[in-house]
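This report refers to the structure that appears directly beneath it.
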Number of protein chains: 2
Amino acid sequence: MSSEVDIYQELKARLVSNRFEHGAKLRAEDLRKEFGCSASTVREVLFRLSTVGLADFQEQRGFRVPIRSSQKLIELTHLRILLEGEGTVLSIRNGGVDWEARLTAAHHKLSHIEKRIHAKDDPSDLVSIWFASENEFHQTLISACGSETLKQMHGRIYAQFRQQLMVADRRFEFISANIQHHASILDAALSGDEDLTRQKIHDHLARHLTGKTMGD
Amino acid sequence: MSSEVDIYQELKARLVSNRFEHGAKLRAEDLRKEFGCSASTVREVLFRLSTVGLADFQEQRGFRVPIRSSQKLIELTHLRILLEGEGTVLSIRNGGVDWEARLTAAHHKLSHIEKRIHAKDDPSDLVSIWFASENEFHQTLISACGSETLKQMHGRIYAQFRQQLMVADRRFEFISANIQHHASILDAALSGDEDLTRQKIHDHLARHLTGKTMGD
DNA sequence: TTATGCAATAATCTCGAAATTTTTTCAAAT
DNA sequence: ATTTGAAAAAATTTCGAGATTATTGCATAA
């Protein structure tokens with residue numbers, strides 16, 4: 001007995017973490033049974049997901065999981081760099097000690113899990129924890145920017161970014177570089193150097209601008 | 001006999017041009033008669049509009065026209081400066097002669113209508129033409145940026161920006177400065193000076209960052 | 001006078017079926 | 001063998017009624 005909000009959250013989580021095939025059809029009639037509701041309710045949820053870019057909708061042809069596209073990933077990366085850079089710079093200006101403390105805490109957690117992953121051969125059971133921690137760190141970066149609109153927009157871009165990347169990026173070959181990147185971003189942000197912070201956020205994401213990070 | 005897409009376009013146009021009262025209730029039951037369809041269809045349209053920020057939705061309390069908020073306008077302005085600046089700089093790099101020609105054409109039309117408005121005492125009958133021309137100019141600025149995602153995001157921010165501003169800004173006291181601004185943006189863009197272009201876009205919108213451009 | 005609770009009213013939300021549209025199947029013709 | 005077209009099947013969209021939830025009006029108590 002799920003409410004519409006619950007169904008939305010559940011389907012969003014599945015779409016973002018790629019538990020559907022890319023390009024797969026999302027049939028309201030199929031999903032209704034699982035959630036114990038009517039097709040109309042599922043349809044409404046899928047509509048909402050399509051407007052935030054996590055599902056594709058075509059008139060008279062229903063819903064699909066967005067296909068993977070290196071062009072799309074490049075665009076999303078570009079926007080992440082732009083929005084995350086701007087939001088972090090604003091947080092530096094407005095955030096104060098409270099924000100610095102929260103950022104340090106978020107980085108500590110992320111750093112801890114990334115070191116565990118780095119030490120493991122098969123870190124697949126840590127994927128969901130890592131995902132949550134990485135999400136929290138990047139959200140915390142912009143959390144004190146003072147603009148709900150920017151945060152909402154960044155959240156949508158971040159979700160689509162993950163949807164594009166998550167399958168391909170599961171082997172964590174990048175984890176060693178990432179540990180450095182996240183530490184550099186933290187240091188730059190705490191030092192209050194706005195240009196350096198923007199640069200470190202750019203460097204962290206730059207490999208996805210090449211169009212070569214999607215291949216399996 | 002309107003299709004759902006038509007209803008969406010019509011309601012969007014009304015919301016963006018403020019033909020509803022700010023804060024007014026949007027009752028599906030009331031709107032259904034006008035469009036000759038069922039309440040469910042209107043409801044679905046309102047849902048989609050709420051996810052792009054043009055309507056507010058609260059569980060079990062229906063839909064409302066977003067209220068005016070100087071904070072919201074500041075946030076939207078900030079994002080317009082960011083996205084329009086970035087999109088225009090990318091267009092400068094990627095656009096080529098074709099983009100320059102389209103931009104010059106869009107500016108010519110906008111300049112023409114703005115001069116007519118400047119010469120008139122009561123330009124209210126030119127509002128909708130001006131709105132379309134201004135929209136086209138700013139869309140053309142970013143049209144060659146190469147990122148559909150950026151363009152879509154900018155379009156949503158621009159629509160919300162208009163929704164917040166349009167009522168208050170009808171008297172066109174700003175039009176004289178605007179003529180200069182648009183010309184400066186065009187010149188900077190055609191000269192290929194990226195920093196200057198960003199600066200001119202910022203200057204054009206800066207008055208909305210003060211929080212004092214909403215009062216009637 | 002103000003506050004509280006209950007009933008009446010009005011609104012929203014969910015649902016399954018009917019209507020519409022697309023896709024598939026299969027036979028006939030080139 | 002390939003193409004064309006009609007019929008059948010499957011999927012999507014629209015709809016209005018019933019169920020649920022919020023709001024209003026009014027009487028009673030503090």
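Order of the sequence lines sets the chain letters (A, B, ...), proteins ahead of strands, with each chain counted from 1. Side-chain atoms are counted along with the backbone in the values below, which use heavy atoms only and exclude waters and symmetry mates.
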Q. Do the ring centers of B/H204 and B/H182 come within less than 6.0 Å of each other?
A.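 Yes - the distance between ring centres of B/H204 and B/H182 falls below the 6.0 Å cut-off.
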How many Å lie between [atom1] on [X] and [atom2] on [N], as a whole number?
X: A/F35; N: C/dG16; atom1: CZ; atom2: C1'; answer: 19 Å
X: B/D30; N: C/dA11; atom1: CG; atom2: C1'; answer: 10 Å
X: B/L26; N: C/dC13; atom1: CG; atom2: P; answer: 13 Å
X: B/Q60; N: D/dA22; atom1: CD; atom2: P; answer: 5 Å
X: A/E44; N: C/dC15; atom1: CD; atom2: P; answer: 11 Å
X: A/K33; N: C/dG16; atom1: NZ; atom2: P; answer: 12 Å
X: B/K25; N: D/dT24; atom1: NZ; atom2: P; answer: 10 Å
X: A/Q58; N: D/dA11; atom1: CD; atom2: P; answer: 17 Å

Look at [X] together with [Y] and state whether they make a salt bridge at an N to O cut-off of under 4.0 Å.
X: B/K25; Y: B/D30; answer: no
X: B/E44; Y: A/R48; answer: no
X: A/K151; Y: B/E75; answer: no

Q) Between C/dC15, D/dT12, C/dT12, which nucleotide has the shortest distance from any of its atoms to the side chain of A/S40? A)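 Given the options C/dC15, D/dT12, C/dT12, the side chain of A/S40 is closest to C/dC15.
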Q: For B/F57, report the nucleic acid contact type (base, sugar-phosphate, nothing); a contact means any heavy atom under 4.0 Å.
A: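 Sugar-phosphate only.
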Q. Looking across every strand, which nucleic acid part, if any, lies under 4.0 Å from B/E59 by heavy atom: base, sugar-phosphate, or nothing?
A.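 Touches sugar-phosphate only.
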Would you say [X] reaches [N]'s phosphate, i.e. side-chain N/O to OP1/OP2 under 4.0 Å?
X: A/R27; N: D/dA10; result: no
X: A/T41; N: C/dC13; result: no
X: B/R43; N: D/dT14; result: no
X: B/R61; N: D/dT23; result: yes

**Q.** Taking every non-hydrogen atom, the tightest pair across A/G85 and A/I201
**A.**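 Here A/G85 and A/I201 meet closest at CA-CD1, 3.9 Å.
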Q | 5' priority, DNA chain C, between A/A39 and B/F63 [closest heavy atom] | A |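 It is B/F63 whose nearest nucleotide is closer to the 5' end.
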